[in-house]
Amino acid sequence: MTVIEGNRLEEGWGSFFPTESVQEIVRKNPEVVPERYVRNKEDKGGDDLLPHLFLDIPVIDLFLLASGDEEELKKLDMACQDWGFFQIINHDIPIEVLQEMKLTAREFFQLPLEDKMKYFKAPNDVQGYSPSPIVHEQQKLDWADILILQVYPIHSRQENYWPIILPDSTYNRKVIEAYSKEASRVAQQLLAGFSKLLGLQMEELLKKHCEVLQVMRMNYYPTCPMPEKVIGVSPHADTGTLTLLLQEDDTIDGLQIRHLGGWVPIKPLANALLINIGDVIEVLSNGRYKSVEHRAMANERKERISIATFICPNEDVEIEPLASIVAEDLVHKYIKFRYGDYLNYYWTRRLDGKTPTNLELIKIEA
Ligand SMILES: O=C(O)CCC(=O)C(=O)O
Ligand SMILES: [Fe+2]
């Protein structure tokens with residue numbers, strides 16, 4: 001069964017209305033886009049594309065950054081002020097680990113529906129397989145299916161959602177584990193860079209997170225006969241600290257980021273990771289760095305898979321602009337908040353089915 005009945009709406013960010021798998025919709029009828037997926041221009045955030053700017057998206061050499069290279073640190077500073085996004089090369093994640101991770105995501109979405117349904121998200125869970133999360137019965141839907149796994153801390157894992165794809169093997173779990181470990185190391189190196197930029201001791205940003213939460217979200221965007229009518233992931237900014245994005249196929253674009261009022265399509269560099277900063281860094285930096293809106297578009301030619309790793313503080317951590325920056329800026333641009341309350345607020349704001357302006361509640365008007 002592909003449609004799960006239910007119209008319960010509860011407080012909190014784990015409560016979604018399950019809908020039909022988009023992959024199944026396309027498999028059953030590849031020529032049709034059901035009405036609930038059809039978006040108008042406003043829903044999509046406009047059509048103003050700036051494709052010529054993609055070459056300007058900064059590329060950071062992680063090896064140089066981690067070795068304390070001042071030029072690279074400056075590049076990171078500019079990347080986060082001007083774009084909120086950058087690609088990293090020389091990250092030292094073995095190619096096999098990247099490839100196996102991509103293959104694992106592909107193998108999962110290629111499973112027959114009955115097998116994928118074994119990992120279907122329970123109504124109040126965040127983890128699990130489902131179509132893109134929704135919180136409102138009338139909400140327009142995204143053209144994507146996803147699998148969310150919380151990887152760290154280890155005690156937060158819901159093992160029942162971790163796919164076992166090859167018979168009698170834990171191969172895929174090992175792959176997810178190996179990639180996540182590397183992603184965690186890369187995130188720590190980036191946080192060490194941010195610590196320096198924000199005038200903190202080397203590891204201070206990491207310590208502020210207490211127990212870092214690391215969540216993997218595998219996104220599957222099926223082909224669409226009318227890609228201009230739908231949206232893979234609605235415009236949003238990420239709520240966490242950092243996001244690391246691995247894209248399965250360098251030749252398929254889909255991700256677009258907000259820049260100078262328009263949308264810049266990202267062309268993935270082979271074996272690079274795309275990084276964006278989330279709301280937490282925006283607040284800690286007192287708005288110096290921006291958590292930038294982005295969206296994923298569907299494609300007529302080929303399905304697309306991306307694997308996002310979100311690095312977030314523990315929900316009990318309190319976030320506020322760093323005192324040293326406020327002292328320089330002479331203004332506190334955001335109020336202090338508990339991270340878990342912020343997430344609840346974020347999901348409640350999404351009730352209207354519109355793009356939430358994440359930081360609007362905690363922003364202090366100038
Ligand atoms: O698939 C992509 O390129 C973007 C996904 C994304 O923005 C997300 O998972 O938060
Ligand atoms: Fe995102």
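Note that ligands are numbered from 1 as they come in the structure, with each ligand's atoms numbered from 1 the same way.
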**OP:** Give a yes or no on whether a salt bridge exists between E204 and K207, defined as a side-chain N under 4.0 angstrom from a carboxylate O.
**Re:** no
Original post:
Which ligand 1 atoms are under 4.0 Å away from a heavy-atom of D238?
Top reply: 10 (O)
**OP:** Determine, using heavy atoms of Q247 and all atoms of ligand 1, whether some pair is separated by less than 4.0 Å.
**Re:** no
Original post:
Does E159 come within less than 4.0 Å of R173, counting only side-chain N to carboxylate O?
Top reply: yes
Subject >> Three-point angle D238:OD1, the Fe ion (ligand 2), H236:NE2, rounded to the nearest 10° >> reply: 90°
**OP:** Using a strict cut-off of 4.0 Å, indicate which atoms of ligand 1 neighbour a heavy atom of S306.
**Re:** 1 (O), 2 (C)
Subject >> Element-labelled atoms of ligand 1 that are located less than 4.0 Å from some non-hydrogen atom of Y221 >> reply: 1 (O), 2 (C), 4 (C), 5 (C)
Subject >> Heavy-atom side-chain contact between Y119 and W162 under 4.5 Å >> reply: no
Original post:
Taking 4.0 angstrom as the limit, do R288 and E328 come out as a salt bridge?
Top reply: yes
Original post:
For atom 10 (O) of ligand 1, which protein heavy atom lies nearest, and how many Å away is it?
Top reply: H236 NE2, 3.1 Å
Original post:
Any idea which protein heavy atom is nearest atom 3 (O) of ligand 1, and the distance to it?
Top reply: R304 NH2, 2.8 Å
Original post:
Rounded to the nearest 0.5 Å, how far apart are CD1 of I277 and CG of L242?
Top reply: 8.0 Å
**OP:** Have a look at ligand 1 and work out which part of L245, if any, has a heavy atom under 4.0 Å from it: side chain, backbone, both or neither.
**Re:** side chain
**OP:** Measure H294 to ligand 1 on non-hydrogen atoms and call it side chain, backbone, both or neither using the 4.0 Å cut-off.
**Re:** side chain
**OP:** Taking the side chain as every heavy atom from C-beta outward, state whether I146 and M218 have any atom pair closer than 4.5 Å.
**Re:** no
Original post:
Between E320 and K333, is the closest basic N to carboxylate O distance under 4.0 Å?
Top reply: no
Subject >> Numbered atoms and elements of ligand 1 in range of A308, under 4.0 angstrom, heavy atoms >> reply: 9 (O)
Subject >> Ion pair E318/K336, N-O distance below 4.0 Å >> reply: yes
**OP:** Find all atoms of ligand 1 within a distance of less than 4.0 Å from any non-hydrogen atom belonging to F310, and give their numbers and elements.
**Re:** 8 (C), 9 (O), 10 (O)
